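These notes concern the structure reproduced below.
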Amino acid sequence: TTSNSFFVIVTNVGVKEIAKRLQNAGLLPDHDFCHYKSWIRLYFEDAYKQTGRLKQDYVELYLTDRCTMKCKSCILFAPYAPHKSDRPLEEVNRDLMLYFNYVDEVSVLRLLGGEPFLYRQLDSLIENLKKFRSRIGNLIVVTNGTVIPSANILKQLVEQDAQIHISDYPTNMAQKQRPALLDALQSSGVKYMVKPMGTLWKDIYGDPVESKWHNEQEVKDLFQECFVRCRTLYQGRLYFCAIDRAAQQCGFVKGTNDD
């Protein structure tokens, strides 16, 4: 390396070990290297100072508890939601309006569930997103691949240059439906990506019903090591952790005013 080299750790696997090796080589944290999360924060802070525009890298909207699967360790606790229901469209639209009243641009906005293609008012929501589309970098719908969207929704996604990310769960239902789903996406011209969950999945808490959860320090360590930037917009609040939002909804943990 040269004297002016600077390293950004872009992986989320073995971050502590990588940082340890860099320090053993004589490099200093936040001087010679940093994790990409730190770099992103500094980038957006500098952009605000330079332009006066508030930009964020990521936000997600949770639309429905309903799902075609019942994963025991669902990261958003969908099977354990007290009422398997869709969020009212008016509530979701209020969250969007509130968010964009403060934020000028966001790099990625994802629509999640449950299974978002089960959300009964998805077409109306996508239509409403048109007014904010120029302020959203990538608009993404995350699906488990078991539901084929209607022709109208596929048309809307193409018109808004949206993407579909398919979580490649190794279930019989998902694998059986996959060819028909991919055929529908390809024939309609929708951009999509199949994400292999076998290499990305991390079971954070085990059985959420039987789990004793973690003490405060363990929670802080998990948050720092988390490999996703799951800032969740929900009922007028921007949660810094989607799991926290979901756990509160299911009554597994109590919320606080500073969440």
Side-chain angles (χ1 to χ4, degrees), residues 8 10 36-64 76 86-143 147-167 181 184-195 228-242 245:
V8 177
V10 297
Y36 77 91
K37 293 180 183 178
S38 299
W39 182 86
I40 288 174
R41 185 187 70 249
L42 294 173
Y43 172 81
F44 285 110
E45 286 179 358
D46 184 66
Y48 179 74
K49 292 176 183 177
Q50 295 292 330
T51 66
R53 294 175 60 80
L54 181 59
K55 302 180 181 180
Q56 287 198 316
D57 60 327
Y58 178 88
V59 71
E60 63 189 31
L61 282 171
Y62 184 79
L63 302 180
T64 180
L76 295 180
D86 292 350
R87 289 185 63 193
L89 178 63
E90 296 77 11
E91 179 181 285
V92 178
N93 285 339
R94 279 198 306 270
D95 279 351
L96 282 169
M97 186 65 70
L98 178 63
Y99 181 79
F100 284 107
N101 278 344
Y102 291 95
V103 177
D104 294 295
E105 296 177 37
V106 63
S107 298
V108 177
L109 188 151
R110 294 204 308 172
L111 306 180
L112 306 175
E115 170 51 53
F117 285 128
L118 292 181
Y119 186 57
R120 296 180 180 91
Q121 294 181 289
L122 183 60
D123 54 348
S124 298
L125 173 59
I126 295 174
E127 181 67 24
N128 184 58
L129 280 167
K130 282 184 178 180
K131 67 180 72 171
F132 307 111
R133 189 64 185 90
S134 63
R135 298 162 66 179
I136 301 168
N138 293 312
L139 176 60
I140 299 170
V141 183
V142 181
T143 175
V147 179
I148 300 177
S150 68
N152 182 52
I153 287 177
L154 291 174
K155 182 174 181 291
Q156 288 179 303
L157 293 175
V158 171
E159 291 174 348
Q160 296 213 40
D161 193 29
Q163 306 170 34
I164 293 179
H165 285 185
I166 305 168
S167 300
L181 173 62
L185 299 181
Q186 292 167 3
S187 61
S188 61
V190 176
K191 297 177 182 178
Y192 70 90
M193 174 190 300
V194 179
K195 305 187 72 173
V228 290
R229 307 159 294 169
C230 50
R231 307 297 188 251
T232 301
L233 187 61
Y234 189 80
Q235 294 183 345
R237 305 180 76 180
L238 183 62
Y239 288 83
F240 268 50
C241 177
R245 192 283 310 162

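Nothing here was measured: the structure is a model prediction, and the numbers come from that model.
Judged purely by atom type and a 3.5 angstrom limit, Q160 has no side-chain atom pairing as donor or acceptor with the backbone of A162. At least one donor-acceptor pair under 3.5 Å links the side chain of R133 to the backbone N or O of I136. R135 places a side-chain N or O within 3.5 Å of a backbone atom of F100 that can act as its donor or acceptor partner. The backbone N or O of K55 sits nowhere less than 3.5 Å from a side-chain atom of D104 that would complete a donor-acceptor pair. In this structure, the side chain of Y62 engages the main chain of T64 through a donor-acceptor pair within 3.5 Å.
The CZ atom of F132 sits 4.0 Å away from the CE atom of M97 when rounded to the nearest 0.5 Å. With rounding to the nearest 0.5 Å, the separation of CG in L61 from OH in Y99 is 9.5 Å. Here E90 contributes atom CD and S124 contributes atom OG; the two are 9.5 Å apart, rounded to the nearest 0.5 Å. Distance check: L109 CG to Q56 CD gives 10.5 Å after rounding to the nearest 0.5 Å.
Nearest heavy atoms, Y119 versus P88: OH-C, 3.8 Å. In plain terms, the two heavy atoms of T51 and A47 that are nearest each other are OG1-O, 2.7 Å. Taking both residues in full, the closest heavy atoms of V142 and P116 are given as O-CG, 2.8 Å, listed atom of the first, atom of the second, then distance. For the residue pair D57 and S107, the shortest heavy atom distance occurs at O-CB, 3.2 Å. Scanning all heavy atoms of the two residues, the minimum distance from L181 to V147 falls at CD1-O, 3.8 Å.
When I140, L129, V92, I164 are each tested for a side chain to side chain contact (heavy atoms under 4.5 Å, CB included) with L111, only one passes: L129. For the side chain to side chain contact (heavy atoms under 4.5 Å, CB included) with V190, the lone residue among L185, V141, D161 that qualifies is L185.
Side-chain polar atoms of Y58 and E60 form a donor-acceptor pair below 3.5 angstrom. For the residue pair E115/T143, the side-chain donor-acceptor check at 3.5 Å is satisfied.
Cation-pi contact between R245 and Y239: absent, since separation from the ring centre below 6.0 Å together with deviation from the ring axis within 45° is not met. Geometric assessment of R231 against the ring of F240 yields a positive cation-pi assignment under the 6.0 Å and 45° thresholds.
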| query | Does the pair N138 and Q163 meet the rule for a side-chain hydrogen bond (donor to acceptor under 3.5 Å, both in side chains), with working shown? | reply | CA-CA 8 Å; N138 293 312; Q163 306 170 34; 3.2 Å; yes
| query | Can K130 and Q156 be said to form a side chain to side chain contact (heavy atoms under 4.5 Å, CB included), step by step? | reply | CA-CA 10 Å; K130 282 184 178 180; Q156 288 179 303; over 6 Å; no
| task | Could you check N128 against L89 for side chain to side chain contact (heavy atoms under 4.5 Å, CB included), going step by step and ending with a plain yes or no? | result | CA-CA 10 Å; N128 184 58; L89 178 63; 5.9 Å; no
| said: As a quick check of understanding, evaluate side chain to side chain contact (heavy atoms under 4.5 Å, CB included) for I126 and L122, giving each step before the final call. | reply: CA-CA 6 Å; I126 295 174; L122 183 60; 3.8 Å; yes
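Ion pairing between a basic and an acidic side chain is recognised when a charged N comes within 4.0 Å of a carboxylate O; K155 and E159 show such pairing. A salt bridge does not link R237 with D95: none of the charged nitrogens is closer than 4.0 Å to a carboxylate oxygen.
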